[in-house]
Amino acid sequence: MKCIIDTDPGADDVLALIMALNSPELEILGLTTVEGNALLEHTTANALRLLDYMGRTEIPVYAGSSTPLEGDFHHAYEVHGEEGLTVRLPDTDVRPADGNAVDFIVETALAMPGELALFAVGPLTNVARALNKEGRLKDALQRVYIMGGQGDGSGNVTPYAEFNIWDDPYAANVVFGSGVPVTLLGLNISRQTSVARDDESWMSGETPGERLAAQVLEKWFDLDEEEHRARFSLHDPVTVMAALRPDLIETRAATLRVETEGERVGEVRADYESGGSVDLAVGVESAEALAVMRGLLRG
Ligand code: BDR
Ligand code: CA
């Protein structure tokens, strides 16, 4: 499966990227970065450093949006750590590719109609700008796998909203309303695929990917000395798992609308009556999904 990963690394983004890099089924044509968890300069630097660490600098990184469709981004340094990542990866000399994320997504998809999958694991700003810019994109993309929304549960930034959708709710409405085929994995799924603070099997490893993932997890738990962080939800990794093993998730076709105003801003509302272009994940086989993700980290 040819793919682009749109990301704001980010602790769980890094785990998703390691899994994707280790997956023989995925041919990663590029990473595109978006501001979100951290400033764009940090998310882009983290993406570049990760590729260097993994020995995959042939994959280009295109920097994308530093502003949402309206207003300003809010960051999550307190969740992901200084510079947006709990682990400071070694510096790299590799620079972002010339050009920008939005054009790269559009041009790549149009060059291979029906073949390109997009993973979107940050705010949906780049994806929305690409869909707004090129009307043919929604038909050219094979599918967009998105981590976002609260599903049928509560939010993680407010009682109603999940971070990626809340950080650019207007972009989410563009993507969900565009007609592009979407598989949406929300907190209702990622909370069922989480790692406990004392789960040793995730905190060790032999391969570079496993070792880095273990460090990211350990340091993430350490960020909170009062042990409030009992579990690390594999938010972004579930998109990779779902693309490779769709048999492990249950979905329902829905039309989605995101609240853009008031205290419920960022809340995703689903209408199942008339179907729709979004396959909203409503269930996951947790144990097997966790095993798949753990295996992909190993490589
Ligand atoms: C999402 O928000 C970000 O902080 C994570 O990287 C993930 O994409 C979870 O709500
Ligand atoms: Ca993310």
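Just follow the structure's listing: the first ligand is 1, and inside any ligand the first atom is 1.
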Legend entry - ligand 1 to Asp13 polar contact by distance, N or O atoms, under 3.5 Å: yes

Inset, instruction - Looking only at distances, please establish whether an N/O atom of ligand 1 is found under 3.5 Å from an N/O atom of Asn156. - result: yes

Legend entry - At the Ca ion (ligand 2): angle between Asp13 atom OD2 and Asp8 atom OD1, to 10 degrees: 70°

Where ligand 1 meets [X] - atom numbers and elements under 4.0 angstrom, heavy-atom basis:
X: Phe163; value: 2 (O), 3 (C), 4 (O), 10 (O)
X: Asn164; value: 1 (C), 2 (O), 3 (C), 7 (C), 8 (O)
X: Met147; value: 1 (C), 9 (C)

Inset, instruction - Report the part of Val79 (side chain from C-beta onward, or backbone N, CA, C, O) that has a heavy atom under 4.0 Å from ligand 1; answer both or neither where that applies. - result: neither

Inset, instruction - Could you see which bit of Val121 sits under 4.0 Å from ligand 1, with heavy atoms only: side chain, backbone, both or neither? - result: backbone

Legend entry - Pro96 side chain near Tyr62 side chain, heavy-atom distance below 4.5 Å: no

Legend entry - For Asn156 against Glu162, the heavy-atom pair lying closest together: OD1-CA, 3.2 Å

Inset, instruction - Using the six-membered ring wherever Trp is involved, compare the ring planes of Phe119 and Tyr145 and label them parallel, tilted or perpendicular (cut-offs 30° and 60°). - result: parallel

Inset, instruction - Answer yes when Asp91 and Arg88 have at least one side-chain N-carboxylate O distance shorter than 4.0 Å, and no when they do not. - result: yes

Inset, instruction - Considering only NZ, NE, NH1 and NH2 on the basic side and carboxylate oxygens on the acidic side, decide whether Arg252 and Asp279 come within less than 4.0 Å. - result: no

Inset, instruction - Indicate, with yes or no, if Met293 and Phe221 share a hydrophobic cluster defined by side-chain heavy-atom contacts under 4.5 Å among Ile, Leu, Val, Met, Phe, Trp and Tyr. - result: yes

Inset, instruction - Could you tell me whether any N, O or S atom belonging to Ala16 is less than 3.0 Å from the Ca ion (ligand 2)? - result: no

Inset, instruction - Examine Asp236 and say whether one of its N/O/S atoms is closer to the Ca ion (ligand 2) than 3.0 Å. - result: yes

[atom] [closest protein heavy-atom partner, distance rounded to 0.1 Å]:
atom: atom 3 (C) of ligand 1; result: Asn37 OD1, 3.1 Å
atom: atom 5 (C) of ligand 1; result: Asp12 OD1, 3.1 Å
atom: atom 8 (O) of ligand 1; result: Asp236 OD1, 2.6 Å
atom: atom 9 (C) of ligand 1; result: Glu162 OE2, 3.1 Å

Legend entry - Asp12 and His235 side chains, donor-acceptor separation under 3.5 Å: no

Inset, instruction - Would you please indicate if the ring centroids of Tyr77 and His42 are separated by under 6.0 Å? - result: yes

Legend entry - Step-by-step ring pair (Phe, Tyr, Trp, His ring centres under 6.0 Å) determination, Trp166 to His74: CA-CA 9 Å; Trp166 172 83; His74 303 88; 4.7 Å; yes

